[in-house]
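Report on the following structure.
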Protein chains: 2
Amino acid sequence: MSGHNDAIEDADAAIVEGKAPPSRGRPLDRERILSAAIDYIDDSGLAGLTMRRLGERLGVEAMALYRYVQGKDELLDGVVEALVDAMDVDSDVIDAPQDGWQDFVQRLAHGVRRVALAHPKAFPLIASRPPEAPWLRPPLRSLRWVEIFLAGLEAEGFSDEAAVASYRAFSSFLLGHLLLEVATLGADVGPLDVVDEAPEPEGLASYPHVQRLRPALSIDTSSVEFEEALEELLNRMALMRHETTHD
Amino acid sequence: MSGHNDAIEDADAAIVEGKAPPSRGRPLDRERILSAAIDYIDDSGLAGLTMRRLGERLGVEAMALYRYVQGKDELLDGVVEALVDAMDVDSDVIDAPQDGWQDFVQRLAHGVRRVALAHPKAFPLIASRPPEAPWLRPPLRSLRWVEIFLAGLEAEGFSDEAAVASYRAFSSFLLGHLLLEVATLGADVGPLDVVDEAPEPEGLASYPHVQRLRPALSIDTSSVEFEEALEELLNRMALMRHETTHD
DNA sequence: ACGGCTGGTTTACGTTGTAAACCACACCAT
DNA sequence: ATGGTGTGGTTTACAACGTAAACCAGCCGT
């Protein structure tokens, strides 16, 4: 299995001289745990993530994790929280100066997308765990984000209704699009583990259109489709803005 | 817990005269199992669904289920399959005569939505389980549907590209929108169980827009928002059609 | 030297999915 | 009637999971 267990025991015998603390290096903290969890999900799928295995990956016994995490649920919540944080780092939406709401929205969308694509197997968690506040929808689930979004739009003339409507349109667009993109990226979304490449859907022959268009139905890895859809959305938002704005 | 266990034992004693077979009525079949599973999820959440409990609900031991279902995974697949079937019954998309692709698409959308709202806690399964064919995306995951969709559009002048693009736009729209709708309906989406009503998100005070607009952020139970978004989509599809069509 | 904290391990238990063996009846040909 | 073969279920068993509870081992300031 591992082969570095012996290494650990070696250390166990060799700690006499260094200041080497028990298990490994620094004493483990919540952040290390969360990022280890994400790593694990990224390369072995959500289904395989288990307290014991996560512990093992960190060179520690499963129960050790419970000092930093309330339980598995809380750990998963922590994972989505971490992903969300990664998103705003990745979209520069907090500090970077924005020119116009379109730029802002675009930046946001791309930031979220980058993270989604970077962690295809973890992303669905965002959609599948209930947010802290029920009216806070994935993937924009942090209060800060929603605030920035709404404030940003209103600062540029969106009415309350227009801003809220835009928020909804934006988040549902992003969620749907990214979930589908991510799903065709080898994700095993959900409780199930990797399902090895379905051989050839039975009875394909009786569905001529599907059969003929099959290659086209696979998602393109390029971002062109996303780009176009996003463009659409921006237009739509622009319309919303003028429908109810009063400047 | 139940109190009809005794009833069963009564029957056990009383089977002498009737032809009453062992456990209960007819001898259990896959369909009964699946619909029991859906019922269970509907009123106790996906997380609580367990082979033993499902068996119990059917008046049978857990292992009995394995005669009709390969395992839990296969059972969950069965559940989504059942839901998808329910959708096409519910949207009359197979037999009912359609007048124009817009009507067709609208029917489809509403059929899917009805099922989603009828089973808010089960619907996310559709999004979370990998489809038989990887290019077959939720929520339109049956070959038949995709075929009908594509064929329907092409019959009315959509080019291959336009039809495929429409298919994608449609499914990602539907998925995103419904997932969000369903999520704010008391669903416990995913592996976690019901999380009891978050008390009041901490630090709400520092997010004025969010705070002020909070009621508006909750989804409206009416279908107006869905209707509008769908309308948007139809317009967009109409554009796609003429962009690449050649008649 | 010593009580207490910190960070971890051990042990233990209940619950889950499921393999394997087992059983009871119904049905049928002999 | 008599045995053989399904069919539809139960029993038993086990490994893996999440996690509570008790238990260490060093380090700390006094």
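Residue numbering restarts at 1 for every chain, and letters A, B, ... go by the order of the sequence lines.
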- prompt: So do the side chains of B:Asp73 and B:Arg129 get within less than 4.5 Å of each other, counting heavy atoms only?
  reply: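 Yes, close enough: below the 4.5 Å cut-off.
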- request: Taking the side chain as every heavy atom from C-beta outward, state whether B:Tyr66 and B:Met51 have any pair of such atoms under 4.5 Å apart.
  value: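 In contact.
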message: For A:His110, give me all partners under ring pair (Phe, Tyr, Trp, His ring centres under 6.0 Å), at least two apart in sequence or on another chain.
response: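 A:His110 satisfies ring pair (Phe, Tyr, Trp, His ring centres under 6.0 Å) with A:Phe226 only.
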In whole Å, I'd like the distance from the [atom1] atom of [X] to the [atom2] atom of [N].
X: B:Arg32; N: D:dG8; atom1: CZ; atom2: C1'; result: 12 Å
X: B:Arg67; N: C:dC22; atom1: CZ; atom2: P; result: 16 Å
X: B:Gln70; N: C:dG17; atom1: CD; atom2: P; result: 16 Å
X: B:Leu75; N: C:dG17; atom1: CG; atom2: P; result: 10 Å
X: A:Glu61; N: D:dG18; atom1: CD; atom2: C1'; result: 14 Å
X: A:Ile33; N: C:dG7; atom1: CD1; atom2: P; result: 12 Å
X: B:Leu58; N: D:dG8; atom1: CG; atom2: P; result: 15 Å
X: A:Tyr68; N: C:dT6; atom1: OH; atom2: P; result: 10 Å

field: N-O pairing of A:Glu181 and B:Arg137 below 4.0 Å
entry: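 Between B:Arg137 and A:Glu181 there is no salt bridge, as every charged N stays at least 4.0 Å from the carboxylate O atoms.
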task: Using a strict cut-off of less than 4.0 Å between a Lys/Arg side-chain nitrogen and an Asp/Glu carboxylate oxygen, indicate whether A:Lys121 and A:Asp42 qualify as a salt bridge.
output: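 Salt bridge between A:Lys121 and A:Asp42, a charged N being under 4.0 Å from a carboxylate O: no.
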- request: Tell me which nucleotide among C:dG7, D:dT10, D:dG9 gets nearest to the side chain of B:Met63.
  value: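 The nucleotide sitting nearest to the side chain is D:dT10.
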- request: Check whether any side-chain nitrogen or oxygen of B:Tyr66 sits under 4.0 Å from OP1 or OP2 of D:dG8, and answer yes or no.
  value: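 Indeed not, no polar side-chain atom of B:Tyr66 lies that close.
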Position toward the 5' end of DNA chain D (nearest nucleotide), B:Ala62 or A:Gly71: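 Its nucleotide being nearer the 5' end, the pick is B:Ala62.
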Could you list the protein-to-nucleotides 15-17 of chain D atom pairs, N/O on both sides, closer than 3.5 Å?
{"residue": "D:dC17", "atom": "OP1", "partner": "A:Arg53", "partner atom": "NH1", "Å": "3.4"}
{"residue": "D:dC17", "atom": "OP1", "partner": "A:Arg53", "partner atom": "NH2", "Å": "3.4"}
{"residue": "D:dC17", "atom": "O5'", "partner": "A:Thr50", "partner atom": "OG1", "Å": "3.3"}
{"residue": "D:dC17", "atom": "O3'", "partner": "A:Thr50", "partner atom": "OG1", "Å": "3.2"}

- prompt: Got a donor-acceptor contact below 3.5 angstrom from the A:Ser44 side chain to the A:Ile41 backbone?
  reply: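 Pair absent, no side-chain N/O of A:Ser44 close to backbone of A:Ile41.
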field: Check: B:Tyr40/B:Arg57 side-chain N/O donor and acceptor closer than 3.5 Å
entry: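 No, because no side-chain N or O of B:Tyr40 sits under 3.5 Å from a partner of the opposite role on B:Arg57.
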